[in-house]
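Right, one structure below, let's go through it.
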Amino acid sequence: MMGVITALKTNPRRPSTVDVYIDGRRKATLPTAVAVDLAVGMSLDAAELDSLHVQASEAEAMNKAGRMLARRPHSEREVRVRLGRSGFEPAVIDRTVVRLVESEALDDRAFAHAWVENRMTFRPRSAAMIRSELRGKGVAAEAIEEALATMDERQAAQAAADRALRKLSGLEPPERQRRLYEYLVRRGFAHETIRAVVRSIESSTAESESEGTE
């Protein structure tokens, strides 16, 4: 069935879109970039109109993904899940992800490195725990191990312990050690690593306290 475009009007609620009227009835709301080649008097058949709807959906998916990635890095799976929850068709999601990967806006390797760096800076935890987190986000094993290769487990445990000590410093040594050990266990560190860090901290603490009494 062929129809004729009788009007093109900017949508008052979404100024970046255009309402397309065919034979006097609104048939589509398209992003301006998609509607740019349309004109009043132009004929459209059903297939052409369907193609415009697909282009509009892909443009909307790209915009949504772009906003996600502008806030922070995301994995490919995270983008796919978010777009799926927003109601986009699987084919639209596939094409959107391909475009993002090709433009390097979506890169699971870079995401994994950023995730490890963020954890080390703000919420230190073990490599095992970070590995589990990245697997849950759909990052490939090779990319995960590449990102973790730069991580020092002892350094991570020390950083985590230093953060915990801000709240534990007023406790008596036995209680402080117990609470610190439990804290590091919850962050996935191995017993030997935890024991070495706790011993180092207690040694430094005892030395500081001794100097303070002289």
Side-chain angles (χ1 to χ4, degrees), residues 64-86 90 93 96-97 100-101 104-214:
K64 187 172 186 64
R67 290 193 297 271
M68 286 176 61
L69 295 169
R71 289 192 293 271
R72 70 166 178 83
H74 285 76
S75 69
E76 180 178 323
R77 177 181 289 178
E78 286 182 311
V79 172
R80 287 182 177 278
V81 169
R82 185 72 62 83
L83 293 179
R85 288 175 179 170
S86 296
I93 295 173
T96 299
V97 168
L100 290 169
V101 170
E104 299 184 354
L106 193 58
D107 182 339
D108 274 6
R109 289 183 181 276
F111 170 76
H113 280 280
W115 188 269
V116 172
E117 182 178 348
N118 180 274
R119 282 294 189 240
M120 287 293 292
T121 302
F122 299 107
R123 300 179 66 185
R125 57 201 54 206
S126 69
M129 186 169 285
I130 294 175
R131 182 180 292 109
S132 179
E133 291 174 341
L134 289 171
R135 284 175 178 167
K137 294 182 179 298
V139 179
E142 182 181 352
I144 294 173
E145 297 310 316
E146 180 183 299
L148 289 174
T150 61
M151 178 179 166
D152 185 314
E153 187 85 353
R154 171 65 184 271
Q155 182 181 351
Q158 185 68 55
D162 289 342
R163 295 176 69 86
L165 282 172
R166 298 170 189 173
K167 296 182 179 180
L168 304 177
S169 58
L171 300 176
E172 291 297 319
E175 179 65 9
R176 181 173 62 223
Q177 292 175 33
R178 182 184 70 80
R179 298 274 293 275
L180 185 57
Y181 188 94
E182 291 174 350
Y183 179 86
L184 294 176
V185 166
R186 290 195 298 272
R187 273 143 189 79
F189 294 105
H191 169 72
E192 291 302 320
T193 301
I194 296 174
R195 187 168 64 174
V197 168
V198 171
R199 283 178 174 175
S200 176
I201 288 173
E202 289 306 317
S203 176
S204 297
T205 302
E207 183 177 339
S208 297
E209 291 174 348
S210 176
E211 291 176 354
T213 60
E214 293 179 358

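Note that the numbering runs from 1 along the sequence shown for the chain.
- Of all heavy-atom pairs spanning Ser126 and Gly188, the tightest one is OG-O, 3.1 Å.
- Annotation: Arg109, atom CZ; neighbour count of heavy atoms from other residues, nucleotides and ligands within 6.0 Å is above 12.
- A cation-pi geometry, defined here as NZ or CZ lying under 6.0 Å from the six-membered ring centre and within 45° of its normal, holds between Arg187 and Tyr183.
- At least one donor-acceptor pair under 3.5 Å links the side chain of Asp108 to the backbone N or O of Glu76.
- Of all heavy-atom pairs spanning Ala127 and Glu153, the tightest one is N-OE1, 3.1 Å.
- Annotation for Ala147 and Val116: closest pair CB-CG2, 3.9 Å, computed over non-hydrogen atoms.
- You'll find the side chain of Gln155 stays beyond 4.5 Å of the side chain of Gln158, heavy atoms only.
- Between the side chain of Arg176 and the main chain of Leu171, a donor-acceptor pair closer than 3.5 Å is present.
- Between Phe189 and Met129 the shortest side-chain heavy-atom distance does not fall below 4.5 Å.
- Salt-bridge formation is detected for the pair Arg72/Glu78: a Lys NZ or Arg NE/NH1/NH2 atom is positioned less than 4.0 Å from an Asp or Glu carboxylate oxygen.
- Salt bridge status for Arg178 with Glu175: present, with a side-chain N to carboxylate O gap under 4.0 Å.
- Heavy atoms only, all atoms of each residue included: Ile144 and Val139 are closest at CD1-O, 3.4 Å.
- Using a cutoff of 4.0 Å between basic side-chain nitrogens and carboxylate oxygens, Arg195 and Glu192 are scored as salt-bridged.
- A heavy-atom distance below 4.5 Å is found between the side chains of Arg131 and Glu145.
- Side chain of Ser203 to backbone of Arg199: no donor-acceptor contact under 3.5 angstrom is found.
- Of all heavy-atom pairs between Glu133 and Arg119, the closest is OE1-NE, 3.1 Å.
- The shortest heavy-atom contact between Ala65 and Leu83 is N-CD2, 4.4 Å.
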